[in-house]
Amino acid sequence: MLSPISPAELAARQAALFTAPSHVAAKRLIGWTLRVDGVGGRIVETEAYHYSDPASHTFPGPTARNAVMFDPPGAIYVYRSYGIHWCMNLVCGDEPGSAVLLRAIEPTDGLDLMAARRGLEDPRLLCSGPGRLCQALGVSIAQNGLRVDAPPFELLPGPAVEVVVGPRIGITKAVETPWRFGEKGSRFLSKPFPKT
DNA sequence: GTATGGATGGACT
DNA sequence: GTCCATCCATACT
């Protein structure tokens, strides 16, 4: 059970998260709870992207697609991946053009709706990947540019958890930058982390 | 105007 | 492990 938190404290903790460098925010986000219209769960896997990072959509500079990544921290950046899937980022950072990709959630709220949207029941397959997560939470380009600190989104701090680190998934540039973060031992990761 | 290449997931061997 | 569906921003001609 989450302890009650005042609106002022929530706003302060969100602001501190959003304005941290994206790789710090990505690590801190592990264990927070995200819901969209009441559907969601605990964030268990993230990746960080930075404008100076060749793997980032913002590396070539501002464009129509990545414009939201230059919005103030707390904005939601959604893009289509491989022509099929949606991927959801939270704009974070001490400089513009950086964000945290949400890769996996441990589903806790709205399991039935998530299962219906995904067309399957297994909780481990509902949100274990960036495309799956967006499908389960009903996130698409329609949510691009909205803010995570306003409805239909909710973002709440969780207890500190043990976090593991590894290289990011599916990229072709800056492959070795260890900016993927996950909750140690979680069964809801998109892929295991390499043993350290 | 056309060409290209993904921050993926699911089906299959 | 391999294969590939399918879209759009971007980089060309």
Side-chain angles (χ1 to χ4, degrees), chain A residues 18 21-30 34 41 43-71 73 75-93 95-107 114-146 148 163-183 186-195:
Chain A
F18 298 159
S22 56
H23 63 279
V24 174
K27 184 174 181 181
R28 284 194 197 154
L29 258 178
I30 305 298
L34 174 71
I43 297 169
V44 297
E45 183 182 342
T46 60
E47 284 178 3
Y49 290 86
H50 187 261
Y51 73 89
S52 68
D53 162 14
S56 173
H57 288 180
T58 48
F59 184 68
T63 66
R65 178 173 69 149
N66 68 28
V68 171
M69 279 185 70
F70 294 92
D71 281 356
I76 301 286
Y77 167 53
V78 184
Y79 68 94
R80 194 183 281 280
S81 177
Y82 291 89
I84 304 172
H85 311 288
W86 297 108
C87 294
M88 171 181 176
N89 297 252
L90 176 58
V91 176
C92 286
E95 299 168 285
S98 303
V100 175
L101 171 68
L102 303 181
R103 289 193 53 90
I105 283 177
E106 177 178 340
M114 286 193 261
R117 285 170 173 161
R118 294 273 300 119
L120 45 80
E121 302 280 331
D122 186 346
R124 290 184 52 177
L125 297 177
L126 288 178
C127 302
S128 300
R132 292 166 171 174
L133 180 162
C134 285
Q135 188 182 18
L137 268 56
V139 170
S140 74
I141 195 68
Q143 279 73 38
N144 191 38
L146 298 183
V148 79
V163 174
V164 290
V165 180
R168 292 174 292 182
I169 305 286
I171 55 173
T172 57
K173 300 164 190 165
V175 178
E176 293 306 317
T177 304
W179 276 2
R180 179 180 177 226
F181 304 92
E183 180 180 349
S186 173
R187 298 187 309 276
F188 298 91
L189 302 173
S190 63
K191 294 176 69 170
F193 279 75
K195 277 189 176 178

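Residue numbering restarts at 1 for every chain, and letters A, B, ... go by the order of the sequence lines.
Distance from the side chain of A:Arg80 is smallest to C:dC8 among C:dT6, B:dA7, C:dC8.
Here B:dT8 presents its C1' atom at 13 Å from CD of A:Glu45, a figure rounded to the nearest Å. Distance, A:Gln135 CD to B:dG9 P: 10 Å, rounded to whole Å.
Side chains of A:Ser186 and A:Glu106: a donor-acceptor N/O pair is absent below 3.5 angstrom, by distance only.
When side chains are defined from C-beta on, A:Leu126 counts as touching A:Leu120, because their heavy atoms get closer than 4.5 Å. Residues A:Tyr49 and A:Leu101 meet the side-chain proximity criterion, which asks for heavy atoms closer than 4.5 Å.
Base pairing analysis places B:dA11 opposite C:dT2; the two distances defining the Watson-Crick or G-U wobble pair are each below 3.5 Å.
Heavy atoms of A:Asn89 sit under 4.0 angstrom from at least one base atom.
With hydrogens and angles ignored, no donor-acceptor pair closer than 3.5 Å exists between the side chain of A:Tyr79 and the base of C:dA9.
DNA chain C is contacted by no residue of residues 167-180 of chain A, taking any non-hydrogen atom closer than 4.0 Å. Across residues 47-57 of chain A, A:Tyr49, A:Ala55, A:His57 each have a non-hydrogen atom less than 4.0 Å from an atom of DNA chain B (numbered order).
Relative orientation of the A:His23 and A:Trp179 rings is parallel, given thresholds of 30° and 60° on the angle between their planes.
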